[in-house]
Number of protein chains: 2
Amino acid sequence: MESKRDLAKLSALGYRITQQRRLVLGVFLADPCLQSAEDIYDKCREIDSSISYPTIYRTLDILVEAGMVRKTHFNQGKSWYEAADNNLHHHHLVCRECGSRFSLRGCPMDLLEEELQRAQFKVLDHQFEIMGICKDCQSV
Amino acid sequence: MESKRDLAKLSALGYRITQQRRLVLGVFLADPCLQSAEDIYDKCREIDSSISYPTIYRTLDILVEAGMVRKTHFNQGKSWYEAADNNLHHHHLVCRECGSRFSLRGCPMDLLEEELQRAQFKVLDHQFEIMGICKDCQSV
DNA sequence: CTGAATGCAAACGGTTTGCACGCCC
DNA sequence: GGGCGTGCAAACCGTTTGCATTCAG
């Protein structure tokens, strides 16, 4: 299923619907988890072996701008992307051993509304990530 | 005041007390706020114009390992450091316009203990940052 | 047909590494 | 004096940019 809605949204923003953009969108539809630019590049390459990193990054920028993808930064100098779709907003536990990621339910931002209002700070984005050792890696 | 305790801690871990390490420690004592490696490099250079980036980074690694400094990642590919000292653990609001940072009181981790225990996830570190527009920049 | 989007190669910025020299213990 | 720590230069890695070509509209 290729999201007609997403393509329409890009179109509405004045962006052309190219093979490459379809492809990147498809990768996000296929996997709602956090993915690095490299992950996305690799998956796209399996289908179209000529797609390039600049196109991946340019497309990701557009998708973030369009609000269809969320971008976060856990580890040193690497960005992670995930579909920002209708799913419930959530955060992650990240295992430092094996790199696997687990979803947390809910978001602690809800609990800070009062304090933020007092600071008169206009929130655009936030990130909340917990690093540690997952259950499986502890037992090794 | 140069923290005798911090130096002793480094010593106890088997690290030598060098001019450069004293200097970097001094910078953290002088400013408890978030600082980038570049900030620290510049401040050190004012005092010892021969100190190098590799030394800054190597020293920061040591201080993080020793638990004396905390490292976080807000923006694309840049790390931020702050003294992890006796001050209350806290997080930040980061203004996307002017880059200034404001402290939040408290930490939402406290509220997640139950869920983390259920996941049997051993927490090593976490980061929580809120990006937006500060009061002053909104009125411009 | 026109200009937005692409791929290539090369630059970028923050960080790390290899190596010979220097200095703490 | 032995070896950890340093500075230098150069590599590294993720990301971005300039430019000629291609293709969506």
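Sequence lines set the chain letters: A, B, ... in the order given, protein chains first and strands last, and positions in each chain run from 1. What's counted below: heavy atoms across the whole structure, side chains too, no hydrogens, waters or symmetry copies.
- Counting non-hydrogen atoms of other residues, nucleotides and ligands closer than 6.0 Å to NZ of B:K122 gives a total of 12 or fewer.
- A:T72 is not listed as a side-chain neighbour of A:Y81, based on a closest heavy-atom distance of 4.5 Å or more.
- At most 12 non-hydrogen atoms from other residues, nucleotides or ligands lie less than 6.0 angstrom from CD of B:Q19.
- Taking atom CG of residue A:L13 and atom P of nucleotide C:dA4, one finds them 15 Å apart after rounding to whole Å.
- Counting to the nearest Å, the C1' atom of D:dG14 and the CH2 atom of A:W80 are 12 Å from each other.
- Distance, B:I40 CD1 to C:dT15 P: 10 Å, rounded to whole Å.
- In this structure, B:D61 places its CG atom 17 Å from P of C:dG14, rounding to the nearest Å.
- In this structure the side chain of B:D6 never reaches within 4.5 angstrom of the side chain of B:L63, judged on heavy atoms.
- Atom OH of A:Y41 is separated from atom P of D:dC13 by 15 Å (rounded to the nearest Å).
- Under a 4.0 Å N-O distance rule, the pair B:E82/B:K71 does not qualify as a salt bridge.
- B:K78 places its NZ atom 17 Å from the C1' atom of D:dC13, with the value rounded to the nearest Å.
- A close approach under 4.0 Å does occur between a side-chain nitrogen or oxygen of B:Q20 and OP1 or OP2 of D:dG7.
- An OP1 or OP2 oxygen of C:dG14 is reached within less than 4.0 angstrom by no side-chain nitrogen or oxygen of B:S36.
- Between B:R21 atom CZ and C:dC25 atom C1' the separation is 13 Å, expressed in whole Å.
- When rounded to the nearest whole Å, the span between CG of B:L63 and P of D:dG5 equals 12 Å.
- Side-chain contact, A:H91 with A:H126: a donor N or O sits under 3.5 Å from an acceptor N or O.
- Shown for residues 50-60 of chain B: residues whose heavy atoms fall under 4.0 angstrom of DNA chain D, namely B:S50, B:I51, B:S52, B:P54, B:T55, B:R58.
- When all heavy atoms are compared, the tightest approach of A:D31 to A:Q35 is O-NE2, 3.0 Å.
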For every nucleotide of nucleotides 20-25 of chain D, 5' to 3': is a protein heavy atom under 4.0 Å from its base (B), only from its sugar-phosphate (S), or from neither (-)? ----BS
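- The shortest distance between side-chain heavy atoms of A:L7 and A:Y15 does not fall below 4.5 Å.
- For the helix from C:dC1-D:dG25 to C:dC25-D:dG1, the terminal axes (five pairs an end, C1' atoms, rotation from four pairs onto the next four) enclose an angle of 30°, given to 10 degrees.
- The aromatic rings of A:Y53 and A:Y41 lie parallel to each other, with less than 30° between the two planes, well short of the 60° mark.
- Looking at heavy atoms from C-beta onward, B:L93 lies out of side-chain contact with B:C134 at the 4.5 angstrom threshold.
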Step-by-step side-chain contact (heavy atoms from CB on, under 4.5 Å) determination, B:E38 to B:D42: CA-CA 6 Å; B:E38 189 184 1; B:D42 290 342; 3.9 Å; yes
